Amino acid sequence: MQLVMDSNDSATQSSSRFGNTTSDVLLSALFSKICDIFAKAHTAADLQNLRKLLSDITYEITKYGTLSLLADIWKPKLHRFSNEILPRVQVAPTVAIHIQDVENDVANLIDVLTESLTDANGVKDVQINLPWHLEFAVLCTKVPALPRVRAFGYRKIGRLRNGLEISPENLSLFLPITSTSAEGFREDESYVAVAAETSILQICQHFHITNILRPNFHFAARIVDIVDKPTRGGSRDVVNFRIFDFLDKLLIQSADNLPYVVQLGLMEHLYKTFRNMDLLVLANASEIMCQFAQHSTGLQLLEESGGMDLAENTIMSKKNEREFEYFGPYLMRMYITLARKFPEYCILKCEKVILLAGQLVFDRTDHSAAAALEFFGQLASCSVAGKRYLHNLILSTGERLIDKLLKLLGRRVTSTSGKDSVTDNSIHVLELFVKRIEGLEPPTDSELQVISSLWFESMGDKVLMALFQKACNPFKDVKLPVLMVFRAMADQKWAQIKFREEPGLIEYLLNRQAEVDTDIKQLKFDVIESMVKSNSLTEVFDSVTVVRLKEYVRDGPFYMQGQYQVAFEGGA
C-alpha cells in the first residue's frame with residue numbers, strides 16, 4: 001500500500017508566519033515525497049533519490065536560520081512517519097550499504113523538525129508538550145530496519161531531560177522509559193546499545209535516581225529478565241557483558257544501588273559462567289570483574305557477592321589444567337587492577353594468589369606467567385606498603401620471593417636467545433620495580449630508593465649494559481621500553497651513579513643526531529629533564545656534565561643545531 005502524507009493541511013494558516021522564509025506548502029510537499037519513496041524504496045536508485053530529497057528539505061529548513069513549524073499541523077505528520085512509514089521499511093541486502101547514509105539524514109531531519117515545533121504564540125512545543133516528544137523518541141527506538149534511527153531515538157530520550165526541573169511529574173514521565181530503553185541492551189548493533197545505556201545513565205544522573213535497581217521497580221525486573229538473554233542475532237554473552245558494564249557505571253554514579261545488585265541475584269548470572277568453563281564467556285566474565293575491581297564500590301560488590309572467593313578458588317583449582325593458559329591471564333588482570341588500585345587489599349586478602357603468581361612466574365613462560373609478573377610489578381610500583389611487602393615476603397622454603405623474582409628478571413632482560421611472553425614483559429616490569437613513588441616525604445622516599453637500588457643490584461651486574469645495548473638498537477619497539485626504564489630511574493641518586501659509570505650512556509642520551517623519531521626524542525628529553533630536576537644532580541655529575549645536561553633541557557626535546565654554509569669567492 002502506498003502511503004502519502006497530506007501536503008497542504010492548513011498550510012495557509014502557518015505560511016503567513018514565515019515572512020520571507022520557506023513556505024510550509026513546499027516543506028509539506030517535500031516531506032510527503034520522502035514518505036512516499038520510503039514506503040516503496042527497493043533499489044539503490046530509490047535511496048539515491050531519497051537522499052536528494054532529504055538534502056533538499058534540510059536545505060529549505062535551514063537556509064534562513066531558525067525555523068518555526070506549527071505543532072498542530074506537523075505533529076500528526078511526524079507521528080505517522082515514525083509509527084507507520086519507518087516501521088514498514090524493509091532493506092534489501094543489495095542496498096544495505098546505501099541505507100546507512102539515508103538513516104543518518106533521516107535522523108537529522110527528524111531532530112530538526114521536532115526542535116522546530118512551536119505553538120501559535122511561538123513557544124517551543126517541547127516545553128509545553130514533553131510527553132509527546134518522549135513518546136515520539138520511543139517510537140524511533142522501535143524502527144526495526146533502521147538502527148541509526150533507533151540510536152537517535154535513544155539519544156533523543158537522553159537529551160530531552162536537559163534543563164528539566166527535578167519534580168515528581170517529570171520523573172514520572174522518564175522513569176517508565178528507562179525500562180523501555182533497557183531493551184537496547186539486546187541490540188545487535190553496539191552503537192545502538194551504547195545510546196540506550198547512555199540515555200538511562202543520563203536520566204539517573206539528572207533526576208538523582210539512586211535506587212533504580214530497587215527490586216520493586218519495573219526497571220530492575222526488566223534487567224533481571226534481559227541479562228544472559230541473546231541479542232536478536234543470537235549472541236548471549238554480548239548482552240551479559242553490556243548489562244554488567246552498565247551496572248559498573250551505575251555503581252560509580254551511585255553506590256546506593258550496590259545492595260540491590262546483590263538482592264536481585266544479578267551477580268549469580270555472571271558467576272555461573274565459571275561453572276560452565278566456556279573459555280570465551282569466562283574471559284568476558286573476568287573482564288567484567290576487572291572493571292568492577294577498579295573502584296571501591298565495585299570491589300565491595302565482588303566481596304559481598306562472593307566474586308573474590310570464586311576467582312581465588314578458580315585459579316587455585318585450575319592452575320594445573322590445560323585451559324588455564326587461556327583463561328588465567330584474564331583472571332590475573334583483575335588482580336593486576338587490584339594491585340594498582342587497592343594494593344593494601346592484595347596484601348591483606350590475596351596471599352594465596354600472590355604465592356600462586358610466584359609459582360606461575362617460575363614454572364611457566366606463557367601469558368599467565370607474564371600476567372603474574374605484571375601483578376608483582378604493579379604491587380611494587382603503586383604503594384609504599386606493596387613495595388615493603390614484596391621486599392620482606394618469605395617463602396615456605398626460607399627464600400625471599402623478591403630475590404627469586406629479581407634473578408629471573410635479570411636473566412630475561414640480559415637474554416639474547418629465545419622469546420616468550422615473560423621475556424617480552426620483563427623490561428616493562430623492571431620499569432615498575434625501579435619506579436619512584438611520587439609525593440613521598442624524604443624518610444620514606446629514601447627508604448624506597450634504597451630498596452629499588454638493592455633490587456636493581458640483585459638482577460645482576462650486566463643488566464644496565466644490556467639495557468644500554470637495547471637502547472642503541474635501531475628498532476623503535478626495542479628502544480621505547482628501555483628508555484621508559486631509564487626515565488623511571490633518572491631522578492634517583494643511585495641510578496644517576498649507575499648512568500655515570502656506564503661507559504657511553506650519558507653521551508648517548510645527549511646525542512641528538514642518534515634519533516629521528518619524535519617519541520624517542522621526547523623520551524630521551526624526559527630522562528635528562530628528570531636528572532636535571534633532581535636534588536642529586538650536582539652531587540653525582542661533574543660541573544661540565546651538569547652544564548651540558550641543563551643546556552639540553554633548555555633547548556627542548558626537538559632542538560636542531562643550525563647548519564651554516566660559507567660561500568668563497570671564485571667557488572664553483
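The structure presented is a predicted model; accordingly, all values stated were derived computationally and were not measured.
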Engineer: Verify, without hydrogens or angle tests, whether T273 (side chain) and L270 (backbone) share a donor-acceptor contact under 3.5 angstrom.
Structural biologist: yes
Engineer: When you compare the side chains of S452 and K387, does any donor N or O come within less than 3.5 Å of an acceptor on the partner?
Structural biologist: yes
Engineer: Can you tell me how far apart CD (Q253) and NE2 (H208) are? Round to the nearest 0.5 Å.
Structural biologist: 10.5 Å
Engineer: Work out which heavy atom in I336 is nearest to a heavy atom in A371; give both atom names and the distance.
Structural biologist: CD1-O, 3.5 Å
Engineer: Judged by atom type as modelled, is there a donor-acceptor pair below 3.5 Å linking the side chain of K533 to the main-chain atoms of I528?
Structural biologist: no
Engineer: Would you sort out whether F244 and F241 count as a ring-ring contact (aromatic ring centres under 6.0 Å, His included), showing the intermediate values?
Structural biologist: CA-CA 5 Å; F244 285 99; F241 189 91; 9.2 Å; no
Engineer: If we ignore angles and hydrogens, is there a donor and acceptor under 3.5 Å between the side chains of Y389 and E344?
Structural biologist: no
Engineer: With a 3.5 Å distance limit and no angle check, can you tell me whether D420 reaches the backbone of T423 through a side-chain donor-acceptor pair?
Structural biologist: yes
Engineer: Distance check, rounded to the nearest 0.5 Å: K404 atom NZ versus I402 atom CD1?
Structural biologist: 12.5 Å
Engineer: Taking the side chain from R242 and the backbone from A193, do they hold a donor-acceptor pair closer than 3.5 Å?
Structural biologist: no
Engineer: Go through the side-chain N and O atoms of N284 and D237 and say whether any donor and acceptor fall under 3.5 Å apart.
Structural biologist: yes
Engineer: Distance alone, cut at 3.5 Å: any donor-acceptor contact between the side chains of S534 and Q496?
Structural biologist: yes
Engineer: Decide if atom CG of N535 counts as having more than 12 heavy atoms of other residues, nucleotides or ligands within a radius under 6.0 Å.
Structural biologist: no
Engineer: Has E351 got more than 12 heavy atoms of other residues, nucleotides or ligands less than 6.0 Å from its CD?
Structural biologist: no
Engineer: Could you please spell out the steps behind the side chain to side chain contact (heavy atoms under 4.5 Å, CB included) verdict for V478 and F475?
Structural biologist: CA-CA 6 Å; V478 177; F475 296 106; 4.2 Å; yes
Engineer: Do side-chain atoms of N257 reach the backbone of I212 as a donor and acceptor pair under 3.5 angstrom?
Structural biologist: yes
Engineer: For K272, is there an ion pair with D228 - N to carboxylate O distance below 4.0 angstrom?
Structural biologist: yes
Engineer: So if I apply the side chain to side chain contact (heavy atoms under 4.5 Å, CB included) rule between F292 and each of L299, T297, D248, which one comes out positive?
Structural biologist: D248
Engineer: State the CG-CG distance between L467 and L505, to the nearest 0.5 angstrom.
Structural biologist: 9.5 Å
Engineer: Might you confirm whether atom CZ of F558 has over 12 heavy atoms from other residues, nucleotides or ligands at distances under 6.0 Å?
Structural biologist: yes
Engineer: How long is the gap from OG on S426 to CE on M459, to the nearest 0.5 Å?
Structural biologist: 10.0 Å
Engineer: For the residue pair Y271 / S305, report whether a side-chain donor-acceptor contact shorter than 3.5 Å exists.
Structural biologist: yes
Engineer: According to salt bridge (Lys or Arg N to Asp or Glu O under 4.0 Å), who are the partners of E187, at least two apart in sequence or on a separate chain?
Structural biologist: R150
Engineer: Under a 3.5 Å distance rule, please check whether R487 uses its side chain to pair with a backbone N or O of V527 as donor and acceptor.
Structural biologist: no
Engineer: For the side chain of Q492 and the backbone of A488, is there at least one donor-acceptor N/O pair under 3.5 Å apart?
Structural biologist: yes
Engineer: Between E312 and K349, is the closest basic N to carboxylate O distance under 4.0 Å?
Structural biologist: no
Engineer: Restricting to non-hydrogen atoms, name the atom on L432 and the atom on S381 that form the minimum distance, rounded to 0.1 Å.
Structural biologist: O-CB, 3.3 Å
Engineer: Side chains of Y330 and M289, heavy atoms from C-beta outward: is any pair under 4.5 Å?
Structural biologist: no
Engineer: So which atom in A471 and which in V482 form the shortest heavy-atom distance, rounded to 0.1 Å?
Structural biologist: CB-CG1, 3.9 Å
Engineer: Give the intermediate values and the outcome of side chain to side chain contact (heavy atoms under 4.5 Å, CB included) for residues Q291 and D245.
Structural biologist: CA-CA 8 Å; Q291 290 184 26; D245 181 63; 2.8 Å; yes
Engineer: Can we say K524 and E529 salt-bridge, meaning some charged N sits less than 4.0 Å from an Asp/Glu carboxylate O?
Structural biologist: no
Engineer: Where do G358 and L401 come nearest, in terms of heavy atoms and distance?
Structural biologist: CA-CD1, 4.3 Å
Engineer: Which heavy atom in I354 sits nearest to a heavy atom in F376, and how many Å separate them?
Structural biologist: O-CZ, 3.4 Å
Engineer: How would you list, by chain and number, every residue that makes a salt bridge (Lys or Arg N to Asp or Glu O under 4.0 Å) with E321, sequence neighbours excluded?
Structural biologist: K318
Engineer: If you count the non-hydrogen atoms of other residues, nucleotides and ligands that lie under 6.0 Å from NZ in K550, is the total more than 12?
Structural biologist: no
Engineer: Between E287 and R333, does any NZ, NE, NH1 or NH2 come within less than 4.0 Å of an OD or OE carboxylate oxygen?
Structural biologist: yes
Engineer: Donor-acceptor pair, distance only, cut-off 3.5 Å: does the side chain of R161 make one with the backbone of G158?
Structural biologist: yes
Engineer: To the closest 0.5 Å, what do you measure between CD (E374) and CG (L379)?
Structural biologist: 11.5 Å
Engineer: Do the side chain of R186 and the main chain of P230 share a donor and acceptor less than 3.5 angstrom apart?
Structural biologist: yes
Engineer: Give a yes or no on whether H367 atom NE2 has more than 12 heavy-atom contacts from other residues, nucleotides or ligands under 6.0 Å away.
Structural biologist: no
Engineer: Using every non-hydrogen atom in the two residues, find where A369 and V361 come nearest and quote the distance to one decimal.
Structural biologist: O-CG2, 3.7 Å
Engineer: Can you classify the ring geometry of F375 versus Y335 as parallel (below 30°), tilted (30 to 60°) or perpendicular (above 60°)?
Structural biologist: perpendicular
Engineer: Can you tell whether the side chains of K476 and D519 come within less than 4.0 Å, N to carboxylate O?
Structural biologist: yes
Engineer: Regarding K498 and the six-membered ring of F456, is the cationic atom NZ or CZ under 6.0 Å from the ring centre and inside 45° of its axis?
Structural biologist: no
Engineer: Using modelled atom types and a 3.5 Å cut-off, is there a donor and acceptor pairing between side-chain atoms of S530 and backbone atoms of D526?
Structural biologist: yes
Engineer: Under the side chain to side chain contact (heavy atoms under 4.5 Å, CB included) rule, what do L405 and F362 come out as? Steps first, then yes or no, please.
Structural biologist: CA-CA 8 Å; L405 284 174; F362 303 138; 3.9 Å; yes
Engineer: If you round to the nearest 0.5 Å, how far is OH of Y508 from CZ of F468?
Structural biologist: 8.0 Å
Engineer: Assess the residue pair V546 and D542 against the criterion (side chain to side chain contact (heavy atoms under 4.5 Å, CB included)); give the C-alpha distance rounded to whole Å, side-chain angles, the decisive distance to 0.1 Å, and a yes or no.
Structural biologist: CA-CA 6 Å; V546 168; D542 60 71; over 6 Å; no
Engineer: Go through the steps to decide whether S421 and D424 satisfy the test side-chain hydrogen bond (donor to acceptor under 3.5 Å, both in side chains), and finish with yes or no.
Structural biologist: CA-CA 5 Å; S421 298; D424 291 341; 5.5 Å; no
Engineer: For K479, is the NZ atom crowded, meaning more than 12 foreign heavy atoms sit under 6.0 Å from it?
Structural biologist: yes
Engineer: Does the distance from a Lys or Arg side-chain N to an Asp or Glu carboxylate O, for R436 and D445, drop under 4.0 Å?
Structural biologist: yes
Engineer: Atom NZ of residue position K341 - does it have more than 12 heavy atoms of other residues, nucleotides or ligands inside 6.0 Å?
Structural biologist: no
